[in-house]
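Each remark here refers to the structure printed beneath this line.
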Amino acid sequence: GNGSVRSWVSVDAKGMPVSMGVTFPETTLLGLPPQPPAEDIGWEWDLALPKEIAVAPFDHVAFYWNPRGHIPDGIYNVAHFDIHFFMAPEPSRAEITAMNYNLERCFKLPSAEYIPAGYILPPQTEHRRMGVHWIDPVSHEFHGHDFTATLLYGSYDGKVNFIEPMITRAYLETRPNFTAEVKQPAAYGQAGYYPTSYSVRFDPDKHEYTVSLDGLTLREAKIAEAH
């Protein structure tokens, strides 16, 4: 749009990561492409995380603008941003085609203990450069309310590979100050810092939006067999 987006990590007094996210001025919502690109359902911008602090298992952020949304119709087919916090290096995502033989790797699912209880994998959520998308069916948008902000998990080749807040442009235009829980799995496939909440906020003084994963907490890895 008519703005920019930057990634960041916040640390505590001991230098440990406590939050990470993206921040963008309100002008970013203006001048956005009204149509998707010819080869995809949305526009993607990849952002490295700051090199000064490692936030394993996270590697980078993919900031995605979906002018027409995506499936399921009647729920997510409205203009919105998908903000993927990826746990795999950006170049490795090129192998994810979500077509032909690669579908086997997309649907090689993680052990159930790596996905929060209650999350489900709907059909047709596979997507190139991503994998498959797990949704929380108790989210408000599935119970008679408009989609505003929600949180998805993603997986590929037997591993959880991203956490994804999704926020509509219409909701951002209300200048929200929103925080919600990030449901936790029973175990973690990779050691590192995982969020316990996420936020969508507008700063009226700086005229900026921030979407963040917060309450980063160090977790140990537990190895399990994928199925």
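Because the structure is predicted, anything quoted here is derived from the model rather than measured.
Within 6.0 Å of the CG atom in D146, the count of heavy atoms belonging to other residues, nucleotides or ligands does not exceed 12.
Between S4 and P25, the shortest heavy-atom contact is O-CD, 3.1 Å. Contact detail for P123 and I71: the closest heavy-atom pair is O-CD1, 4.2 Å. Pairing each heavy atom of P89 with each of H60, the nearest pair is C-CE1, 3.8 Å. Closest non-hydrogen pair, L216 versus P17, comes out as CB-O, 3.7 Å. Residues S197 and V182 approach most closely at C-CG2, 3.5 Å, considering heavy atoms. For the pair P67 and P33, the tightest heavy-atom approach, listed with the atom from each and the gap, is CB-O, 3.4 Å.
Rounded to the nearest 0.5 angstrom, F85 CZ and L151 CG are separated by 9.5 Å. We find the OG-CG distance between S139 and L152 to be 8.0 Å, quoted to the nearest 0.5 Å. Within the model, atoms OG1 of T27 and OH of Y209 stand 9.5 Å from one another, a figure rounded to the nearest 0.5 Å. N161 contributes atom CG, which lies 10.5 Å from atom CE of M130 (distance to the nearest 0.5 angstrom). A distance of 8.0 Å separates OH in Y64 from CG in D82, rounded to the nearest 0.5 Å. A distance of 11.5 Å separates CD1 of I135 from CD of E164, quoted to the nearest 0.5 Å.
Contact of the R201 side chain with the P176 side chain is not registered, since no non-hydrogen atoms from C-beta on lie closer than 4.5 Å. Between M87 and D59, every side-chain heavy-atom pair lies at or beyond the 4.5 Å cut-off. Counting heavy atoms from C-beta outward, I120 and W134 have side chains that stay 4.5 Å or more apart. Between P185 and I115 there is no side-chain heavy-atom pair separated by less than 4.5 Å. Contact annotation: the side chain of L49 approaches that of M20 to within less than 4.5 Å [non-hydrogen atoms, C-beta and beyond].
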(message) The test is side chain to side chain donor-acceptor pair (under 3.5 Å); show your working for E141 and T150 and say whether it passes.
(response) CA-CA 8 Å; E141 63 268 21; T150 196; 2.9 Å; yes
(request) Dump the intermediate steps for side-chain contact (heavy atoms from CB on, under 4.5 Å) on Y114 and L109, then the final yes or no. (result) CA-CA 10 Å; Y114 294 155; L109 304 183; over 6 Å; no
(request) Take N102 and Y156 through the test side-chain contact (heavy atoms from CB on, under 4.5 Å) and record every step on the way to the result. (result) CA-CA 10 Å; N102 187 252; Y156 176 72; 2.8 Å; yes
(request) Could you go through the side-chain contact (heavy atoms from CB on, under 4.5 Å) check for N2 and T28 one step at a time? (result) CA-CA 5 Å; N2 297 338; T28 304; over 6 Å; no
(request) Test salt bridge (Lys or Arg N to Asp or Glu O under 4.0 Å) on D46 and R129 and set out the steps. (result) CA-CA 11 Å; D46 292 320; R129 294 179 52 79; 3.2 Å; yes
(request) Using the side-chain contact (heavy atoms from CB on, under 4.5 Å) rule, take T174 and F202 through it: C-alpha gap first, then chi angles, then the decisive distance, then the call. (result) CA-CA 9 Å; T174 70; F202 179 77; over 6 Å; no
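L218 is connected to I53 through a chain of hydrophobic side-chain contacts under 4.5 Å among Ile, Leu, Val, Met, Phe, Trp and Tyr, so both are in one cluster. Cluster membership check: V22 shares its hydrophobic cluster with V11, using side-chain heavy-atom separations under 4.5 Å among Ile, Leu, Val, Met, Phe, Trp and Tyr. Follow the hydrophobic side-chain contacts under 4.5 Å out from I167 and you never reach I41; the two are in separate clusters. With hydrophobic clusters built from ILVMFWY side chains whose heavy atoms lie under 4.5 angstrom apart, Y153 shares a cluster with Y193. Residues F107 and Y119 share a hydrophobic cluster, clusters being chains of Ile/Leu/Val/Met/Phe/Trp/Tyr side chains in contact below 4.5 Å.
Checked for salt-bridge contact, R93 and E44 meet the test: a charged N lies under 4.0 Å from a carboxylate O.
D40 places no side-chain N or O within 3.5 Å of a backbone atom of P37 that could act as its donor or acceptor partner. Not one N or O on the side chain of D12 forms a donor-acceptor pair closer than 3.5 Å with the backbone of V18. Judged by distance alone, the side chain of T196 and the main-chain N or O of G215 form a donor-acceptor pair under 3.5 Å. Looking at W43, its side chain does come within 3.5 Å of a backbone N or O of Q35 through a donor-acceptor pair. In this structure, S7 contributes its side chain and A48 its backbone to a donor-acceptor pair below 3.5 Å.
Partners of D214 by side-chain hydrogen bond (donor to acceptor under 3.5 Å, both in side chains), not counting sequence neighbours, listed by chain and number: S19, S199, S212. Every residue two or more places apart in sequence or in another chain that forms a side-chain hydrogen bond (donor to acceptor under 3.5 Å, both in side chains) with W8 is listed here: T23. Under the side-chain hydrogen bond (donor to acceptor under 3.5 Å, both in side chains) criterion, E126 pairs with no residue at all, not counting sequence neighbours. A search for ring pair (Phe, Tyr, Trp, His ring centres under 6.0 Å) contacts involving F162 returns H84, F86, H133, not counting sequence neighbours. For D136, the salt bridge (charged side-chain N to carboxylate O under 4.0 Å, His left out) criterion is met by K183, not counting sequence neighbours. Scanning for side-chain hydrogen bond (donor to acceptor under 3.5 Å, both in side chains) contacts around E173 gives an empty result, with sequence neighbours left out.
The ring of H127 has its center no closer than 6.0 angstrom to the ring center of H70.
Just one of F81, W45, F24 meets the ring pair (Phe, Tyr, Trp, His ring centres under 6.0 Å) condition when paired with W65; it is F81.
Checking E26 against H207 by side-chain atom types alone, a donor-acceptor pair falls below 3.5 Å. Residues R219 and Q190 bring no donor and acceptor atom of their side chains to less than 3.5 Å of each other. Side-chain contact annotation: Y198 with E181, donor-acceptor N/O pair under 3.5 Å absent. Defined by atom type and a distance below 3.5 Å, a donor-acceptor pair is present between the side-chain atoms of T148 and H140.
Note on ring orientation: taking the six-membered ring where Trp is involved, the planes of Y171 and F178 are perpendicular (angle over 60°, cut-offs 30° and 60°). Using a 30° and 60° split on the angle between ring planes, Y188 and Y194 fall in the tilted class, from 30° to 60°.
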